[in-house]
Amino acid sequence: MHAAGRQCLTKSADRQDISDSWFSKLLVRKIEPTKESHSRMLSDKQIVYALHTHNIRPDSYDKYLANYTANVQHIHAKPELNLELVGSWTVEVGDMDQALHLWQYNGGFQVIDKAQSELSKDDAYQKLLKERGNYLRSRHLQYLLAFSYWPQINLRTGSNKYEIRSYSLKPGTMIEWGNNWARAINFRRNNDEAFAGFFSQIGRLYNVHHIWCYKDLQSRKETRESAWRSPGWDECVAYTVPLIREMHCRILNPTSFSPTK
């Protein structure tokens, strides 16, 4: 073969090597079959979280918040329910006229069964629930488990903004997501921004919610840019992006009755 031909083949091979190297980062790593449930492998806590998402009628915002304040006070007056509010937020950017409430059941699903049974017979609670329906356009409930590798929830003080990044994953990829984020979370600890990380058990399945806490939007920008400067963060992103079917983020403000501020 003449020199020009060999040079052309060499350049073609180099381009192929570069292409293969880039493409390999987008390939999902193989996960071996397992007889363990995903929840057992990803979460080691006997705590179940309930994420309530309420879409509020725009003309009923204040009435809704007053109703939910009374609801929180009523439930917290019943410690035997083993149910407590972790965080409560309204959406600033994203799905407007929306509120999110994160509750924690201490003791697993048997505690949920007991609490729901007792609340179904509680006339005052049922009255608040019925009244709340007049202020809503729609609502959704998910039961979640916390990722075992995520930092323990630490309630915040002061003035903060939260971001919830919600992912809909391809079925069968939850373990792969956990494998990668167990490493990726180490790149997001510098500013104590990691608030909570969950995956769904009941409700919309193969859903993941990451909740981050920032002092303000500028702090969010700087923190996220700092992560991209950390060697290894780009690789974690490259491996997890192909697992996602859909994703969206919302910026949240704590309500006046939210335990975390």
Side-chain angles (χ1 to χ4, degrees), residues 39 43-92 95-147 152-157 160 162 164 166 195-205 207-209 211 250 252-261:
S39 59
S43 181
D44 59 5
K45 300 178 178 67
Q46 291 299 312
I47 298 174
V48 179
Y49 295 87
L51 179 63
H52 295 260
T53 302
H54 292 168
N55 293 303
I56 309 165
R57 291 168 53 94
D59 60 353
S60 302
Y61 210 81
D62 292 339
K63 292 179 180 178
Y64 166 81
L65 289 176
N67 172 280
Y68 211 86
T69 300
N71 175 76
V72 171
Q73 293 171 345
H74 185 78
I75 290 178
H76 280 175
K78 294 177 172 289
E80 67 275 12
L81 295 177
N82 290 312
L83 173 61
E84 59 182 313
L85 185 66
V86 175
S88 175
W89 304 273
T90 56
V91 175
E92 177 183 303
D95 300 315
M96 304 298 291
D97 301 314
Q98 187 178 82
L100 285 80
H101 309 288
L102 181 67
W103 291 85
Q104 175 180 304
Y105 289 88
N106 298 299
F109 284 102
Q110 62 181 357
V111 171
I112 294 179
D113 291 334
K114 180 181 177 182
Q116 293 307 312
S117 176
E118 293 190 19
L119 289 173
S120 69
K121 298 176 249 183
D122 186 327
D123 291 339
Y125 175 82
Q126 292 300 319
K127 182 180 179 181
L128 287 169
L129 193 63
K130 183 177 180 179
E131 179 186 84
R132 193 180 313 139
N134 298 322
Y135 309 141
L136 297 176
R137 294 179 288 114
S138 63
R139 55 189 174 182
H140 180 255
L141 168 63
Q142 279 184 309
Y143 288 128
L144 313 170
L145 295 179
F147 284 113
Q152 185 176 1
I153 292 178
N154 176 29
L155 300 184
R156 310 303 170 88
T157 58
N160 298 293
Y162 292 76
I164 181 168
S166 300
F195 180 74
F198 305 108
F199 61 98
S200 60
Q201 277 284 284
I202 301 178
R204 297 188 183 109
L205 298 179
N207 273 194
V208 168
H209 302 288
I211 304 178
R250 286 160 287 180
L252 313 173
N253 290 320
T255 61
S256 61
F257 52 85
S258 175
T260 190
K261 300 301 183 183

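Throughout, numbering of the chain's residues begins at 1 and tracks the sequence.
- Remark: the backbone N or O of Asp113 is not paired with any side-chain donor or acceptor of Ser117 at under 3.5 angstrom.
- In this structure, the separation between CG on Leu102 and CG on Leu252 is 11.0 Å, given to the nearest 0.5 Å.
- Taking the side chain as every heavy atom from C-beta outward, Ile56 and Leu136 approach each other to under 4.5 Å.
- No side-chain heavy atom of His101 sits under 4.5 Å from any side-chain heavy atom of Val72.
- Of all the heavy atoms in Gln142 and Gly203, the pair that sits closest is CG-CA, 4.2 Å.
- Counting only heavy atoms from C-beta outward, the side chains of Arg137 and Asp97 approach each other to under 4.5 Å.
- Looking at Lys63 and Asn134, their side chains never come closer than 4.5 Å, going by heavy atoms from C-beta outward.
- A 4.5 Å side-chain heavy-atom check between Asn67 and Tyr64 finds every atom pair outside the cut-off.
- Just one of Trp103, Phe198, Tyr49, Phe109 meets the side-chain contact (heavy atoms from CB on, under 4.5 Å) condition when paired with Tyr143; it is Phe109.
- Considering every non-hydrogen atom in both Leu85 and Pro259, the closest pair reads O-CG, 3.1 Å.
- Considering CG of Leu205 and CZ of Phe199, their distance stands at 11.5 Å, rounded to 0.5 Å.
- Counting only heavy atoms from C-beta outward, the side chains of Met96 and Pro58 never approach each other to under 4.5 Å.
- Tyr162 has its side chain within reach of Arg156: a pair of non-hydrogen atoms, C-beta onward, lies under 4.5 Å apart.
- With rounding to the nearest 0.5 Å, the separation of CZ in Phe257 from NE2 in His76 is 10.5 Å.
- Taking CG from Leu129 and CG from Leu119, the interatomic distance works out to 9.0 Å, rounded to the nearest 0.5 Å.
- With rounding to the nearest 0.5 Å, the separation of CG in Asp122 from CG in Leu81 is 8.5 Å.
- Evaluated for a side-chain contact (heavy atoms from CB on, under 4.5 Å) with Leu144, the options Gln104, Gln201, His209 yield exactly one hit, His209.
- Gln98 and Tyr61 get closest at one heavy-atom pair: O-OH, 4.4 Å.
- With a 4.5 Å cut-off on side-chain heavy atoms, Thr260 and Val86 do not count as touching.
- Atoms CG and OG1, from Asp95 and Thr53 in turn, are 9.0 Å apart once rounded to the nearest 0.5 Å.
- When all heavy atoms of Ser258 and Gly87 are compared, the closest pair comes out as OG-CA, 3.6 Å.
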